[in-house]
Engineer: 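Take a look at the following structure, please.
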Amino acid sequence: MQARVVESMEDAKQAVPPAEPRRVLPAGMLKLSLGFLLLGVGVGLSAFGLFLARHSEAVAAAAPALFRPCVGAPEEEEALERWIRPPARARHAMADEELLWLASFAPRARGRSGGYPFRRVPKVAFMFLAHGPLPLAPLWERFFRGNEGRYSIYVHTMPLYRANFTPDSVFYRRQIPSKNVEWGQMTMCDAERRLLANALLDISNEWFVLVSESCIPLFDFNTTYQYFQNSSQSFVMSIDDPGRDGRGRYNLNMAPEVELEQWRKGWQWFQVDRELAVAIVRDTVYYPKFKEFCRPGCYADEHYIQTMLTIEATHRLANRTVTWVDWSRGGPNAAHPATFGRGDITEEFLRGIREGGACMYNDQNSTMCFLFARKFAPSALEPLLELAPTVLGFG
């Protein structure tokens, strides 16, 4: 068999035709081609040198990005700071579904001390749910002044409204992408979840406070901040009302996710910690039920969050809100609380709200029950600014 292989190889060699002799360029033609080649190289080098002379600064600045070492310290944008840095402005191009999905992420692992593996200053997110302008903004500006780094602001208005705050305002560029909101409809809860989701994108936000354009702060910022940071519970009013405006609004189609005895009612204005805020934006169990079956005269903003959190985390709730309102002027069947204008604003009136309560705070009796109050008309701004330094403690 070896002989056959050798023979076939020899036959293959014989089958290959002899190579043709190579053609050699004449010497003159070779010199001419070489000359053109050298001329082209020279022109290219000259052009590159001129480019460097004109753009040396730009080339020098781009050099680190173009020539990266294979070893060494990671680049700054790859450090942890990149991932925990809050968005520079509140506006973005995400749809609600994308926003809620992104905001629902929550870190599970903890650092060695049980906290975050970086220096984190907890912030309070103030979420303004408004129709349009913020007529009491000057009072809030004084409230926030000097406390940068301990708060963040988010403003939800009707979509066509564009705020015109100046760059030195705390409200500058704090308007989030919004949609139309109808009183008593599920769109009100959509707006609340939209505000929460935007605020959750800043990992330093630890407390989430819902206020309106008619709300005012009753204490200075530091007192308000410490009240939240030291609290062991979130503030959501959630009661079992057996009457027409409580259980009377329950729809049997809510079951089995929500049974009648689980149905709760409460005021809209809540203050929750980060864990409960994530639970609200992550919810896909109760939200569809309320969207389909809580229709007028069932008012979703008085039932959805109150019922959902009572079922999922009742032990985490103080079962009260820290936003004061007065329902006495409109009688027992009033649809809206009282509104206070210029003539109502006195030192006695404000001190009565600040000091006239009785509640439980961290399982202890307290008379400091309200941190905010509503509803205040634009005409109340001037007397409020006058009394803020002596009564409210700021300004």
Side-chain angles (χ1 to χ4, degrees), residues 84-96 98-100 102-103 120-181 187-217 220-222 224-225 228 268-274 277-278 280-281 323 371-372 374 376 378 381 384-385 388 394-395:
I84 63 175
R85 186 185 304 124
R89 54 186 298 177
R91 298 200 70 83
H92 53 74
M94 285 185 284
D96 278 356
E98 298 168 328
L99 173 66
L100 294 172
L102 181 61
R120 177 180 182 267
V121 177
K123 295 194 294 187
V124 178
F126 289 83
M127 307 178 301
F128 288 80
L129 180 55
H131 291 281
L134 302 179
L136 302 177
L139 183 69
W140 285 99
E141 296 267 7
R142 294 190 183 185
F143 171 77
F144 289 120
R145 184 186 300 160
N147 293 284
E148 293 74 15
R150 295 201 293 169
Y151 68 85
S152 54
I153 295 173
Y154 304 87
V155 181
H156 187 294
T157 65
M158 288 300 185
L160 295 180
Y161 177 75
R162 288 291 179 268
N164 59 350
F165 292 104
T166 57
D168 60 338
S169 170
V170 297
F171 295 99
Y172 182 64
R173 290 185 174 179
R174 302 316 302 165
Q175 217 175 336
I176 69 169
S178 62
K179 293 184 179 179
N180 285 322
V181 174
T187 54
M188 185 74 76
C189 296
D190 291 336
E192 295 170 359
R193 280 160 48 104
R194 202 172 292 124
L195 280 163
L196 284 169
N198 278 276
L200 281 166
L201 298 183
D202 185 344
I203 200 170
S204 293
N205 285 333
E206 186 63 28
W207 279 87
F208 302 79
V209 177
L210 184 67
V211 293
S212 74
E213 69 269 45
S214 66
C215 282
I216 67 167
D220 63 277
F221 180 87
N222 190 61
T224 304
Y225 181 86
F228 287 128
Q268 174 183 9
W269 312 102
F270 60 77
Q271 303 81 29
V272 297
D273 62 20
R274 188 173 185 90
V278 171
I280 294 171
V281 303
T323 299
L371 302 178
F372 313 101
R374 64 184 302 269
F376 289 83
L381 177 61
L384 285 170
L385 290 174
F394 62 88

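Residue numbers start at 1 and run along the sequence shown. Quantities reported herein were computed from a predicted structural model and do not represent experimental measurements.
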Engineer: Taking the side chain from Asn205 and the backbone from Ile203, do they hold a donor-acceptor pair closer than 3.5 Å?
Structural biologist: no
Engineer: What do you reckon, is NE2 of His92 surrounded by more than 12 foreign heavy atoms closer than 6.0 Å?
Structural biologist: yes
Engineer: Please report the interatomic distance CE(Met127) to CZ(Phe270), rounded to the nearest 0.5 Å.
Structural biologist: 4.5 Å
Engineer: Within the 3.5 Å criterion, strictly below it, is a donor on Ser152 or Asp202 matched to an acceptor on the partner's side chain?
Structural biologist: no
Engineer: Looking only at heavy atoms, which two atoms of Pro177 and Asn198 are closest? And how far apart?
Structural biologist: CD-OD1, 4.5 Å
Engineer: Distance check, rounded to the nearest 0.5 Å: Gln175 atom CD versus Leu134 atom CG?
Structural biologist: 8.5 Å
Engineer: Check whether Arg193 reaches the backbone of Ile280 with its side chain - one donor and one acceptor, N or O, closer than 3.5 Å.
Structural biologist: yes
Engineer: Could you check whether Phe171 and Trp140 have their ring centres less than 6.0 Å apart?
Structural biologist: no
Engineer: What's the shortest heavy-atom distance between Ala199 and Ala125, and which atoms?
Structural biologist: CB-CB, 3.9 Å
Engineer: Between Phe126 and Phe221, what is the ring plane arrangement, given parallel below 30°, perpendicular above 60°, and tilted in between?
Structural biologist: tilted
Engineer: Quick one: does Pro138's side chain get under 4.5 Å of Leu381's, heavy atoms only?
Structural biologist: yes
Engineer: I want to check something: taking the side chain as every heavy atom from C-beta on, are Ser169 and Thr166 in contact at a cut-off of under 4.5 Å?
Structural biologist: yes
Engineer: Which pair of non-hydrogen atoms, one from Leu196 and one from Ala277, has the smallest distance, and what is that distance?
Structural biologist: CD2-CB, 3.9 Å
Engineer: Apply side-chain contact (heavy atoms from CB on, under 4.5 Å) to residues Leu201 and Leu99 and explain how you reach the verdict.
Structural biologist: CA-CA 9 Å; Leu201 298 183; Leu99 173 66; 4.0 Å; yes
Engineer: Specify the closest pair of heavy atoms between Tyr225 and Pro122, including all atoms of both residues, with the distance to one decimal.
Structural biologist: OH-O, 2.5 Å
Engineer: Looking at every non-hydrogen atom in both residues, tell me the closest pair between Ser178 and Met158 and how far apart they are.
Structural biologist: OG-C, 3.8 Å
Engineer: Got a donor-acceptor contact below 3.5 angstrom from the Arg274 side chain to the Leu200 backbone?
Structural biologist: yes
Engineer: So that I can tick it off, tell me whether Lys179 and Asp190 are bridged by a salt bridge, with the cut-off set at under 4.0 angstrom between side-chain N and carboxylate O.
Structural biologist: no
Engineer: Evaluate the criterion side-chain contact (heavy atoms from CB on, under 4.5 Å) for residue pair Leu139 and Ile216; output intermediate values, then yes/no.
Structural biologist: CA-CA 8 Å; Leu139 183 69; Ile216 67 167; 3.8 Å; yes
Engineer: If I take atom CZ from residue Arg91 and atom CD1 from residue Ile176, how far apart are they, to the nearest 0.5 angstrom?
Structural biologist: 9.0 Å
Engineer: Determine whether the side chains of Thr323 and Gln271 contain a donor N or O and an acceptor N or O closer than 3.5 Å.
Structural biologist: yes
Engineer: Could you measure the distance from the CG atom of Asn222 to the CG atom of Asn147? Nearest 0.5 Å is fine.
Structural biologist: 7.0 Å
Engineer: Kindly say whether the aromatic ring centers of Phe143 and Phe394 come within a distance under 6.0 Å.
Structural biologist: yes
Engineer: As an exercise, state the distance from CG of Asn180 to OG1 of Thr157, rounded to the nearest 0.5 Å.
Structural biologist: 10.0 Å
Engineer: Closest approach of Phe228 and Phe372, non-hydrogen atoms and distance?
Structural biologist: CZ-CE1, 4.0 Å
Engineer: List the steps and the verdict of side-chain contact (heavy atoms from CB on, under 4.5 Å) for Phe128 and Glu213.
Structural biologist: CA-CA 7 Å; Phe128 288 80; Glu213 69 269 45; 6.0 Å; no
Engineer: Calculate, to the nearest 0.5 Å, the distance between atoms CG and CD belonging to Asp168 and Glu141 respectively.
Structural biologist: 7.5 Å
